[in-house]
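Read the structure below first, then the notes.
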Amino acid sequence: MLGNYYIPIYNFLNNIVDQEIVEVLMPNKMSNETIVEGSKFSPDFACIPFKYNMGNYLSELKKGANVLIQAGGGCRYGYYFEVQEQTLKDMGYDFTFISLLGENGLNIKELYHKFKLLNAKLSFSTFCYQGALAIAIIKIMDDFETYMRDKYNLQIDSKSFDTIHKKMLQDILQINTLAKLYQFKDEYIKKLKAVALRKITKDDIKIGIVGELFTSMEPFSSFYLEKELLNYNCIVKRYTTVTYLLLQKRFSRKKVMKKASEYIDYHFGADGAETIAHTLELIEEEYDGIIHIKPFGCSPEINAMPILQKISRQKNIPIMYLTFDEQTTATGVKTRIEAFYDMLKMKKEQEKESREEAYESY
Ligand code: SF4
């Protein structure tokens, strides 16, 4: 379970399994129970994606699932599934665990053979077609959601994007061919373009979110940070999406290292170097503040933090650090967001006043 991505994944699985013998279960939404249950059966020191995953697996196993699928890698996350599989089997659950990544990373042929378990008649071409379709759906979904997030507080009617988004997620479930996808895309481009927007002004408070990928993309795990910021009428930017991880990250590595070269010589795993480069980009784009998010114990992001503190001092940009674990409370996060927003607002007003005073005295 990761944000709304469960929808294209559910869709993909339904399109490739033998529906006469396999039922794809729609995963339960993330809840307090997910993290409470997941944490009970996870090592204390494991980062929070491990614990949420355990909570997800447990809720599906209790519903009767006997095949679980895990995706991921790039940091120690790539080693989690062996521990999770063994723990769940020791608890008495009988199931098959499919990890999308093999020993040498993502290999389409290997993956095809793994998925044949769910449909003996599945052809390689159907598998590739449905895989490409799922990736294309994710890309369009990410593009639309990024557009809506960027422009959310510029809408004249504050409910327009929410209405479109809700219907969009329902319609995605019906897509099983590229022709339907192109029709869907055209239809939603028209809908999004029809939403009346105001112009961004110097008074708008712009906040960028950088940091760890799971907490960036799974809203429950960050206590709906983005939504909270949008409720304060901020302009919010977030980089990490599945499209970025799947299709763009490997090609942007050189650019990232060049951008961050004043501060780092080496990439330090997951999105640590990207956090530095994106922070510098947000400063160039005159964002008012940055929020760095990470699960407790996330080494790539811990490594990025002293550098961010240095950048914050050098460039006079406020950066707030939020760390999430199973002890974090929604109230604590909300209070910190409110304080950060108030501080940015005051800073902006003071800067405006000093500019006006300087102009008058001139
Ligand atoms: S990036 Fe950090 S928090 Fe996320 S899975 Fe890797 S180590 Fe854990």
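The residues of the chain are indexed from 1 along the displayed sequence. Just so you know, ligand 1 is whichever comes first in the structure, and atom 1 is the first atom listed for that ligand. Just so it is clear, the values below take in all heavy atoms, side chains as well, and ignore hydrogens, waters and symmetry mates.
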Can you say whether the rings of Y112 and F124 are parallel (under 30°), tilted (30 to 60°) or perpendicular (over 60°)? perpendicular
With a 3.5 Å cut-off and no angle check, do the side chains of E212 and H292 form a donor-acceptor pair? no
Using a cut-off of 2.8 Å, find all protein N, O or S atoms closer to atom 2 (Fe) of ligand 1 than that distance. C298 SG
Partner set under salt bridge (charged side-chain N to carboxylate O under 4.0 Å, His left out) for K114, not counting sequence neighbours: none
Option passing salt bridge (Lys or Arg N to Asp or Glu O under 4.0 Å) with D288 (candidates K348, K345, K347, K352): K348
Validate the cation-pi geometry between K185 and Y182: distance from NZ or CZ to the six-membered ring centre under 6.0 Å, angle to the ring axis within 45°. no
Under 6.0 Å between ring centres, would you say that holds for Y93 and Y57? no
